[in-house]
Amino acid sequence: QTFSVFCGLGNNGGDGLVLARLLAKNDFNVIVYIIRHSENTLLVAKYLKKHPSVSWVNYPGLDDSPEKERVKKYLPKGAGAILGFGIKGGLEAGSTFINSLELISHLANVGDAKSLAIHPATTTHQQLSPEEQLATGVTPDFIRLSIGIEHIDDIIVDIEQALGKA
C-alpha cells in the first residue's frame, strides 16, 4: 500500500494492477518513472507556490507541509505525483486554466506517465451543491494535477501559459 501511495495511485485498482504486473515482471524501469514523477511534482509544487496567480499549494513533499515528516519516514524517494492548488479567481479561473492547457490533458485519472489536470468543481463534483462540494474538500479554486514524466520545462511552460490566460 505504501508503494501505491508513493505512486500516487490511491484506490485506482486498474493502475495498481498495471503496476503490480510490471513489478512482477521485474520491470524496474517503473521505479525510475516513479522517481521522475515525484521529482517533477516537487518542482511544479515549488513553482506554483511562488506564482502570483496561485493562492495555496497542497503537496506533502513541500518543506512547509504538515505531512513532511511522514514523507521523510515512509516515502524517502519522493511524495508522489499528485498535488492540489488554489487558483486565484475561483470557479471561472479554474475552468479557464483547464481549458487553456495544451500539453497537460484534462482527465480525472491519476498516475499516468502523461501529466493530467482536473477542476473538480466543474467536473467530477459538479452535481453537488456548493455546500456539498465544500464538505468534500472541493473548493471553487481547487485544481488537481497528476504530474507525469515529461520534461519539467515543458510541464512548467504549459502551466505558466494556462495561468496567464486564467
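Note that this is a predicted model, so its numbers are computed, not measured. Below, all heavy atoms of this structure are taken into account, side chains as well, without hydrogens, waters or symmetry copies.
In this structure, the separation between NZ on K49 and CG on D63 is 10.0 Å, given to the nearest 0.5 Å. Interatomic distance, S100 OG to H106 NE2, rounded to the nearest 0.5 Å: 12.0 Å. Here the CD1 atom belonging to I118 is positioned 11.5 Å from the OG atom belonging to S105, to the nearest 0.5 angstrom. For the atom pair E67 CD and K73 NZ, the distance stands at 13.0 Å (nearest 0.5 Å). Distance check, rounded to the nearest 0.5 Å: CG of N40 to CD1 of I156 gives 8.5 Å. Distance OG1/T41 to CZ/R36: 11.0 Å, rounded to 0.5 Å.
Side-chain atoms of H119 and L91, non-hydrogen and from C-beta on, do get closer than 4.5 Å to each other. When side chains are defined from C-beta on, D112 does not count as touching S146, because their heavy atoms never get closer than 4.5 Å. When side chains are defined from C-beta on, K88 does not count as touching V54, because their heavy atoms never get closer than 4.5 Å.
Other residues, nucleotides and ligands contribute over 12 non-hydrogen atoms within 6.0 Å of the NZ atom of K114. Under a cut-off of 6.0 angstrom, the local environment of CD in Q161 is crowded, with over 12 non-hydrogen atoms contributed by other residues, nucleotides or ligands.
A donor-acceptor pair shorter than 3.5 Å cannot be found between the side chains of H125 and E132.
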Residues I147, I82; criterion side-chain contact (heavy atoms from CB on, under 4.5 Å); working and verdict: CA-CA 6 Å; I147 301 298; I82 310 302; over 6 Å; no

Check against side-chain contact (heavy atoms from CB on, under 4.5 Å), L163 and H51: CA-CA 9 Å; L163 284 171; H51 199 284; 3.7 Å; yes

Worked check of salt bridge (charged side-chain N to carboxylate O under 4.0 Å, His left out) between K165 and E102: CA-CA 12 Å; K165 293 176 182 173; E102 296 172 2; 3.8 Å; yes

Stepwise side-chain contact (heavy atoms from CB on, under 4.5 Å) test for D141 and S55: CA-CA 9 Å; D141 63 342; S55 54; 3.6 Å; yes

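A donor-acceptor pair under 3.5 Å links the side-chain atoms of R144 to the main chain of A108, judged by distance alone. Side-chain atoms of D158 do not come within 3.5 Å of backbone N or O of D154 as any donor-acceptor pair.
The heavy-atom pair separating A121 from P140 by the smallest distance is CB-CA, 4.2 Å. A pairwise comparison of heavy atoms in A166 and T96 identifies CA-CG2, 3.7 Å as the closest pair. Summarising the geometry of G80 relative to S38, their closest heavy-atom pair is N-OG, 3.0 Å, with the distance given to 0.1 Å. The shortest heavy-atom contact between A117 and L101 is CB-CD1, 3.5 Å. For the pair A93 and I87, the tightest heavy-atom approach, listed with the atom from each and the gap, is O-CD1, 3.7 Å. For G148 against S115, the heavy-atom pair with the smallest separation is N-OG, 2.8 Å.
Y59 is linked by a ring pair (Phe, Tyr, Trp, His ring centres under 6.0 Å) to nothing, counting only residues two or more places apart in sequence or in another chain.
Screening Y47, W56, F97 for a ring-ring contact (aromatic ring centres under 6.0 Å, His included) involving F85 leaves a single residue, F97. For the side-chain contact (heavy atoms from CB on, under 4.5 Å) with L83, the lone residue among V44, I143, L42 that qualifies is V44.
Cluster membership check: L43 shares its hydrophobic cluster with I155, using side-chain heavy-atom separations under 4.5 Å among Ile, Leu, Val, Met, Phe, Trp and Tyr. There is no path of hydrophobic side-chain contacts, each under 4.5 Å, that joins V57 to F142. Grouping the Ile, Leu, Val, Met, Phe, Trp and Tyr side chains by contacts below 4.5 angstrom, directly or via other members, places I149 apart from L116.
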